[in-house]
Amino acid sequence: MKLSLGEFAPDRCDLRTMLDNVAKILRLVTINIDKNNNKRIPLVFHLTVFVAAAGYIYIYVFSMFWFVFVRCRETGDFTAAAVVFSLGVNSETSATKFLFMVIYKDKLHGMLQRYLESDSKVVPESRFARNLTKKLYVIKKRASFVWLAINVMSLAYVLLPLLMPGRHFTEDYYVIYGLEPMIESPNYEIATTFMTITILTGVYVVAGVTAFILVIIGYIEAHILTLSDEMLAIWEDAESHYEDIETTGTSDEIKKLFLNNYIKNRLKEIITFQILDINLLNDFEEVFRITMAVDFFLITVGIVLELLGRIENTYLELPYTFLQIFMDCYIGQKLIDACNIFENAVYNCKWENFDKANMKTVCIMLQCAQKSLSLTAGGLVKLDFVCLMSAMKSTYSFYTTLQSTVNKT
């Protein structure tokens, strides 16, 4: 029997369906990105989020600061302090994402409406629509894989201590304030329950918002790649269209006039979509500017702390934090690559066959295409593979400096 995923299936990859998928995922943590969906979110989801938020504040904020700056100063256990501090820092990304999606709900609704309006301009069943769907298929698979990977990591992180002999926690170094001794009942059951709910809910928020960002940026990437295909085919399309309506005895001058008039109209359409893509990315940057910058900073700090806490203690945390910074830089690089492909397509569209007016239009398009679109962290750092390598080098250098300082003391 074949398993059916319904509208979550990879081949259901139009923009509206993908946004509906993400909206349903985020509603489970009381985040509503669909302004047309006025159904009440079930009370059980509100209670789960409330319990997770309370657990987060007590366990990963209050108790974390107490353990790192009070308990570890008394015991002198720097490794435990680094491990627990990394937990606190990494958990902040889920809090910032959740608060951002709730506080800026109206801005998100406006941004998504503009995305859907842009998508509505695509003519159904056209070649452009078919090519766009093929590229969005890849985007949906990418977002689905990352969403699944992040949630599987959280499940592994929570289940591993339960599968080990004896009583263990997700981090045995950690002592929650007021729950000593941790391995005695009922402290063990209370700590395990609240940590499990908090971790699974927090990581679920991160996975959902990450999938949302992958869909939004991926749509722009797919759109630009589809425009590249249109640019490369524009001359052949003009000739094919002319042959379909050619009349006997048409002069070369009339043929050139017809071809260039067709090309002129097609270039106008492509330029319109090109401007829309620029505006859509600017919308995203304006709305997500703060959270992208804060999360980038928290993740880099978290990686340094995980290294200081030794990899044998943080081997389950490192993939989670690295995947987040990698995906931010990856989609930024894919966006840059798509812009480079579009630039090459503009140059290789056989513009030498156009008339002067269309040549000037192509020249302007080429100048705009050379200013590649880019995803940034708060407008401060361009997110791409160069940024990823720089971040890794910087975090490792910072880690070695702190490690040598700690060893001396």
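Residue numbers start at 1 and run along the sequence shown.
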- request: Assign the ring pair F69 / F65 to parallel, tilted or perpendicular, where the plane angle (0 to 90°) is split at 30° and 60°.
  value: parallel
query: Would you call E221 and K135 a salt bridge, using N to O less than 4.0 angstrom?
result: no
- prompt: How are the rings of F67 and Y174 set relative to one another: parallel (under 30°), tilted (30 to 60°) or perpendicular (over 60°)?
  reply: perpendicular
- prompt: Any Lys/Arg nitrogen of K256 or D355 sitting under 4.0 Å from an Asp/Glu carboxylate oxygen of the other?
  reply: no
message: With a 4.0 Å cut-off on N to O distance, would you call R167 and E189 a salt bridge?
response: yes
message: Please check this pair: side chain of N187 against backbone of P181, looking for a donor-acceptor N/O pair closer than 3.5 Å.
response: yes
query: Centres of the H168 and Y188 rings: under 6.0 Å?
result: no
query: Between F100 and Y104, how do the two ring planes meet: parallel, tilted or perpendicular, split at 30° and 60°?
result: tilted
message: Using every non-hydrogen atom in the two residues, find where H109 and I33 come nearest and quote the distance to one decimal.
response: CD2-O, 3.2 Å
- line: Closest non-hydrogen contact found for C349 with M231 is CB-O, 3.2 Å
query: Is the gap between the ring centers of Y219 and H223 under 6.0 Å?
result: yes
field: Under 3.5 Å donor-acceptor, S63 side chain and Y60 backbone
entry: no
query: Any ion pair linking D237 and R266 (charged N to carboxylate O, less than 4.0 Å)?
result: yes
- request: Return the orientation label for the Y330 and F385 ring planes: parallel under 30°, perpendicular over 60°, tilted otherwise.
  value: tilted
